[in-house]
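Each ligand, and each atom within it, is numbered from 1 in the order the structure gives. These numbers were taken from a predicted model, which means no experiment stands behind them.
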Amino acid sequence: MIVIGELINGMYKDVRKAITGKEADVIQHLAEDQVKAGAGALDVNTGPYSKNPKEDMKWLIECIQKVTDVPLSIDSTKFDVIEEGLKLAKNRAIINSTNADEERMSRIFELAKRYNARVIGLTMDKSGVPNNKEKRLEVAATIVAKAIDYGINVEDLFLDPIVLPVNVAQSQGVEVLESIREFKLLSDPAPNTIVGLSNASQGAKLRSLVNRTFLVMAVASGLTAAILDPLDKELMDAMIAAELILNKNIYCDSFLDAYRKK
Ligand code: THG
């Protein structure tokens, strides 16, 4: 599993405050702590309130890269913000994200080619997020075909079925899990699959429990990457144990420590 730490996001109050006040140490601690906890990449999102997202993206990436070289997932809807991130990223970046809109796919896949980046493809189009797995699969197939047209390797593509909050869209959990299973059949080699895990528990009371149960079920469905909170130790333990049960790691009594020392 590729774990992408979600905590450097202007959606969080402390991050928003750090961006406004240029408190580099806050961002750097978040970067270091997430990597120490097992994140193999970091999502970077200036948040919905940023007045100058391009400048804020630059500042965030410069802060982060002073303390770690892990790949960055450049999380923005704006092309100029994404390109700014791609220019600055030292390591092979992940563009987060395109959707199935023709115009957006063209521009994002061109950027991915130019900067040798990987790409997350959200399975949504102009009519929004599908409410069943059939439609998600249809949209995913469109993204895979377009990526191949642009010469992107499918191994560098991450299909995201879009997790919705369980408290308002309870029927969508099973559609997402079945989508993960079926996206893998779209090409050989299979595309990666990814979820923004914490979406599942937004507005719910027992957030951590909902997140880790969803993650285990998604891992069992073949999920290969997740944007999540790596500082949630029980969540990471559950993920490691799920991969153990799926025979991805050799059992020993101290399997949690052994995984973390990898
Ligand atoms: N897919 C992809 N990228 C994504 C998402 C996705 N990026 C953003 C998001 N979804 C994943 N990241 C988060 C980060 C935080 C939260 C949820 C998803 C979150 N934040 C608290 C909340 O809204 O309740 C903020 C609380 C606070 O202010 O402290 O839950 O799906 N490709």
Side-chain angles (χ1 to χ4, degrees), residues 1-20 26-27 30-31 33-34 37 39 41-50 53 57 60 71-78 81-82 85 93-101 104-105 108 112 117-125 128-130 136 139-140 143 147 156-169 172-173 175-177 179-180 183 191-212 214-215 218 223-232 235:
M1 274 280 292
I2 302 171
V3 172
I4 304 178
E6 74 180 6
L7 297 178
I8 302 179
N9 188 320
M11 199 197 289
Y12 291 105
K13 277 192 212 80
D14 56 339
V15 173
R16 204 181 313 156
K17 193 167 147 280
I19 294 173
T20 318
V26 172
I27 303 301
L30 283 171
D33 290 351
Q34 291 186 93
L42 297 175
D43 195 61
V44 188
N45 185 321
T46 60
Y49 306 101
S50 171
M57 182 58 80
L60 283 171
L72 303 178
S73 154
I74 317 289
D75 191 351
S76 175
T77 52
K78 300 189 176 69
V81 177
I82 291 173
I94 302 167
I95 299 175
N96 189 8
S97 53
T98 187
N99 53 27
D101 176 66
R104 186 165 177 91
M105 283 193 291
I108 291 291
R118 293 178 281 178
V119 182
I120 296 174
L122 302 177
T123 58
M124 63 185 286
D125 56 18
V129 179
R136 280 182 171 87
V139 176
I143 297 174
D156 292 330
L157 187 63
F158 293 77
L159 294 174
D160 184 338
I162 309 181
V163 168
L164 297 169
V166 68
N167 68 338
V168 293
Q172 292 304 297
E175 304 294 334
V176 163
L177 292 169
S179 297
I180 291 167
F183 286 174
N192 279 289
T193 47
I194 189 165
V195 293
L197 184 68
S198 301
N199 301 0
S201 64
Q202 272 177 322
K205 196 163 169 225
L206 302 171
R207 290 202 68 169
S208 180
L209 175 65
V210 170
N211 289 342
R212 73 176 172 274
F214 199 113
L215 183 61
L223 189 75
T224 56
I227 303 170
L228 54 73
D229 175 6
L231 304 190
D232 181 341
L235 175 67

Which residue owns the protein heavy atom closest to atom 12 (N) of ligand 1, what's the atom, and how far is it? E6 OE1, 3.7 Å
Which atoms of ligand 1 are found less than 4.0 Å from any heavy atom of I120? 32 (N)
Measure the distance from atom 7 (N) of ligand 1 to every protein heavy atom, then report the residue, atom name and distance (to 0.1 Å) of the closest one. D75 OD2, 2.8 Å
Ranking I194, N199, I227, L7 by closest non-hydrogen atom to atom 9 (C) of ligand 1, top hit is N199
Do R16 and T20 have side-chain atoms, one donor and one acceptor, less than 3.5 Å apart? no
Look at atom 21 (C) of ligand 1 and say which protein heavy atom is nearest, naming residue and atom and giving the distance to 0.1 Å. R207 NH1, 3.8 Å
Protein contact to atom 27 (C) of ligand 1 [nearest heavy atom, distance to 0.1 Å]: Y12 CD2, 3.7 Å
Short list, please: which atoms of ligand 1 are under 4.0 Å from a heavy atom of L122? 32 (N)
Looking only at protein heavy atoms, identify the closest one to atom 3 (N) of ligand 1 and say how far it is in Å. N96 ND2, 3.0 Å
Does any N or O of ligand 1 fall below 3.5 Å from an N or O anywhere on Q202, backbone included? yes
For D156, give me all partners under side-chain hydrogen bond (donor to acceptor under 3.5 Å, both in side chains), at least two apart in sequence or on another chain. R92
If we only consider heavy atoms of D14, is any one of them less than 4.0 Å away from an atom in ligand 1? no
With a 4.5 Å heavy-atom cut-off, do I74 and M57 have their side chains touching? yes
Using a 3.5 Å distance criterion without hydrogens, assess whether the side chain of Q34 forms a donor-acceptor pair with backbone atoms of L7. yes
Suppose we measure from atom 28 (O) of ligand 1 to each protein heavy atom; which comes out shortest, and what is that distance? M11 O, 3.6 Å
Note the single closest protein heavy atom to atom 17 (C) of ligand 1, along with its residue, its atom name and the distance in Å. S198 CB, 3.5 Å
When rounded to the nearest 0.5 angstrom, what is the spacing between CD1 in I27 and CD1 in I8? 5.5 Å
Would you say the side chains of N96 and D43 form a donor-acceptor pair under 3.5 Å? yes
R136 side chain to P161 main-chain N or O, any donor-acceptor pair under 3.5 Å? yes
Pairs where residues 2-11 contributes a residue and the test side chain to side chain donor-acceptor pair (under 3.5 Å) is met, not counting sequence neighbours: E6-Y12, E6-S198
Looking only at distance, does D160 have an N or O less than 3.5 Å from an N or O of ligand 1? yes
So OG1 of T123 and CD1 of I143: to nearest 0.5 Å the spacing works out to 6.5 Å
